[in-house]
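Below is one structure; the comments refer to it alone.
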Protein chains: 2
Amino acid sequence: MAKLKGNLLYGQSGGPTSVINASAYGVIQEAKENPNIEEVIFMQHGIQGALNEDLIFLKDISEEDVEALKHTPGSAFGSVRHKLSDFREDDTNYLRLLYIFKKYNIRYFLYNGGNDSMDTCSKIADYMNQVDYECYIIGVPKTIDNDLPFTDHTPGYGSAAKFIANTMMETSYDMLAYPNGKVTIVEIMGRHAGWLTASAAIANVSGFGPDLIYLPESPFSIDKFKKEVSEIYKMKRQCLVAVSEGIQNEEGIFISSSSGLKDAFGHFQLGGVASKLATTVSADLGLPSRSVEFGSTQRAASHIQSLTDVNEAIQCGKEAVKAAVAKKTALMVVMERVSQEPYTIEYKLHSLNACANTEKKMPKTMINKNGNGVTKEFLDYVLPLIQGENTPLFSNGIQQFSKIRK
Amino acid sequence: MAKLKGNLLYGQSGGPTSVINASAYGVIQEAKENPNIEEVIFMQHGIQGALNEDLIFLKDISEEDVEALKHTPGSAFGSVRHKLSDFREDDTNYLRLLYIFKKYNIRYFLYNGGNDSMDTCSKIADYMNQVDYECYIIGVPKTIDNDLPFTDHTPGYGSAAKFIANTMMETSYDMLAYPNGKVTIVEIMGRHAGWLTASAAIANVSGFGPDLIYLPESPFSIDKFKKEVSEIYKMKRQCLVAVSEGIQNEEGIFISSSSGLKDAFGHFQLGGVASKLATTVSADLGLPSRSVEFGSTQRAASHIQSLTDVNEAIQCGKEAVKAAVAKKTALMVVMERVSQEPYTIEYKLHSLNACANTEKKMPKTMINKNGNGVTKEFLDYVLPLIQGENTPLFSNGIQQFSKIRK
């Protein structure tokens, strides 16, 4: 196979995770070792950086900033949510990309993201193929939601799950302080998939976890919820609930959708689902309640990363470079669990097109029959993903992050 | 001085912190070494445990559970909010306490808590003195709010500040991912004192911190807030705000107080101040906004404790035992900063009565002139308190907590 010398273009897209930059680190390490790759170039804010010629060169990044990528949350190179049109309908952006690819001799293109980002990546691969520009295009998976198909799990999920499990334990222990506790309702991210909320169940392994877990995969009934909460409170004088932001009723309507709330200034307000349920608990059941939202810390908590997750994120970056240099294209790196004990992952590739715009939800076998908790199958699945700690880079009491962007 | 042999009674009270159990660990270690103390007895749920004779004996606690106290948040022995009456008006509870003290030969009584708990402790000391029951009573300080007087700072504050500083950095880095960011408003605890919210400023040392900080010590004006946010957003296309739950307007009315909000079920809802301000930003300034509440994780995040704070909490426990055995009474352990470089603390004692029911607020010299940030004096004050990491006890990916209570 004839060698193709050229530059590698890498970008990040979609919601940040605490380990997407670890994948960038993997890309850099593998690319530096490969003689076919002359320079690694980074788009700032994903594909928008390519269109705007807003680029950063590896040679301009300090060794210290490269190393810190393993410990830096968010998107060190900037992210974007930008949906490319179909090039058959409007090829303006594609012509611009082709110009940039040619100008910088881009022969390897890696895009790090979730479902939507794989759509972008897939479209670019189709276009470059159609115009016969030789460029190998690989997707690097990433999402705390864990909803990408054809991969056992996604980088980012393990660290978010580790944060959630540990913070649920802390929340539970905190709640147990008082003899008469509250109904505490914790809202967890994950969009339409329950993976992230389900990880709250890990806290139960320690004995300090949620009593009830509500996932988007099971239709949510307010009446059933009230009955379940009140039964547990009667027994324990407290109740800890984990609820997904994406729970829906039988008709598929989000419980968190606009509720007609108005604030003191007369403006409409979109209520969080946990806050809404806490209000219901207080008003209808007469029980003390409070709501907690883990918020963006779920995806950004670099101070409690899973070492397994960080290492896999790095490896996904490396595998993407290897695949591109081996002249594979229009594929996404996926992980296959080939053994449960010891937990072993093999890295494979899967059609980008098939990965794009599809959401993988939790299978029924991982959710309990009552639709308010998980099964052992889920715990067996998730536990290996949170193992090990990637000790943060602390200096003067605070973490050290990469400072790369202009 | 004649020796007094007897038992030591210890209890926890008020809101949990991530290091109150480290103080219990210090009490245990010091008490075990002192021949005057025959047994350490713990009240479950503070003074309520004494009244109900709901006690735990040190001999019944495993060595492993004692060790884990250094890493366990919440209240390992249970907390309570119980205001004792004035014994001159109603001595029912005091007679009961005296009976329990005599029954268990309690000669040393330590109470671990904040302002209200020191009130309880002070009243018991007064009563035991009046009825001439020989018992030495010492308060062990604790509160994330850092609002106890006569002490440089309180155990619990440093760890909460460390969590807040690091999580603000992560929130900031997460927000910077997109080219057009949001106005992100983070709500932080602290009741009527700004210490905790001010600790968000530590994140600025790294370059990833809040643009604006609003504290209860400076009157809050919605118009000034909107002007300041909009100026920053114009410059940076994003704005990170830290706001105390306790901010008040010129008239001393809490911004977070009931606002007439009604939810979908027709119930009144108390809105968080951050969520309220985010709504204002979107509606009045037309800027994208979101709110984040750090919630109970601020006081419970044992996974990111300040080692300085943990060590000081242990030492406060030890000092309380030493003071009691030295026949000192009606005092609270306080910390005096005798040197800034190197940071050095001396442990002293101060009248319980003076410590009770008083809140220490931030001095004007630690708040900037615009009332939207802190001064170098505050950073110099707070930085030593977050130094060092108390590596969590992880096993199987999650923390190991003490399991003491029945």
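The figures that follow rest on heavy atoms only: side chains count, while hydrogens, waters and symmetry mates do not. In what follows, every chain begins at residue 1, and chains take the letters A, B, ... in the order their sequences are listed.
Once rounded to the nearest 0.5 Å, the distance linking CZ of A:Arg405 with CZ of A:Phe42 reads 13.0 Å.
The two residues A:Lys142 and A:Gly14 have their closest heavy-atom pair at NZ-C, 3.7 Å. When all heavy atoms are compared, the tightest approach of A:Phe401 to A:Asp65 is O-OD1, 4.4 Å.
For a residue to count as touching a neighbouring chain, one of its non-hydrogen atoms must lie under 4.5 Å from one of that chain's; by this rule B:Leu176 touches chain A with backbone and side chain alike. The contact between A:Gln399 and chain B is made by backbone and side chain atoms together, counting heavy-atom distances below 4.5 Å. Neither the backbone nor the side chain of A:Thr308 comes within contact range of chain B; no heavy atoms are under 4.5 Å apart. Heavy-atom distances place no part of A:Ser13 under 4.5 Å from chain B, backbone and side chain included. When heavy atoms are compared at a cutoff of 4.5 Å, A:Ala278 does not approach chain B at all. Proximity to chain A (any heavy atom under 4.5 Å) is shown, for B:Ser291, by neither the backbone nor the side chain. Looking at B:Ser206, the atoms closer than 4.5 Å to chain A (heavy atoms on both sides) sit in the backbone and in the side chain alike. A:Phe208 touches chain B through its side chain: at least one heavy atom from C-beta onward sits under 4.5 Å away, while N, CA, C and O do not. For B:Ala161, no part sits under 4.5 Å from any heavy atom of chain A, backbone or side chain. Proximity to chain B involves both the backbone and the side chain of A:Ile202, based on heavy atoms less than 4.5 angstrom apart. Only the side chain of B:Ile304 comes within contact range of chain A, judged by heavy atoms closer than 4.5 Å. Of the atoms belonging to A:Thr167, it is side-chain heavy atoms, and not backbone ones, that fall under 4.5 Å from chain B. Contact of B:Thr297 with chain A is made through the side chain alone, with heavy-atom distances under 4.5 Å.
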>> Assess the residue pair B:Lys226 and B:Asp284 against the criterion (salt bridge (charged side-chain N to carboxylate O under 4.0 Å, His left out)); give the C-alpha distance rounded to whole Å, side-chain angles, the decisive distance to 0.1 Å, and a yes or no.
In response: CA-CA 8 Å; B:Lys226 287 196 283 195; B:Asp284 294 1; 2.8 Å; yes
> Can you check salt bridge (charged side-chain N to carboxylate O under 4.0 Å, His left out) on B:Asp309 and B:Lys162, steps first, answer last?
Replying inline: CA-CA 10 Å; B:Asp309 188 28; B:Lys162 187 176 187 117; over 6 Å; no
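Your options are B:His303, B:Gln12, B:Arg81, and the one with the most heavy-atom pairs under 4.5 Å with chain A is B:His303.
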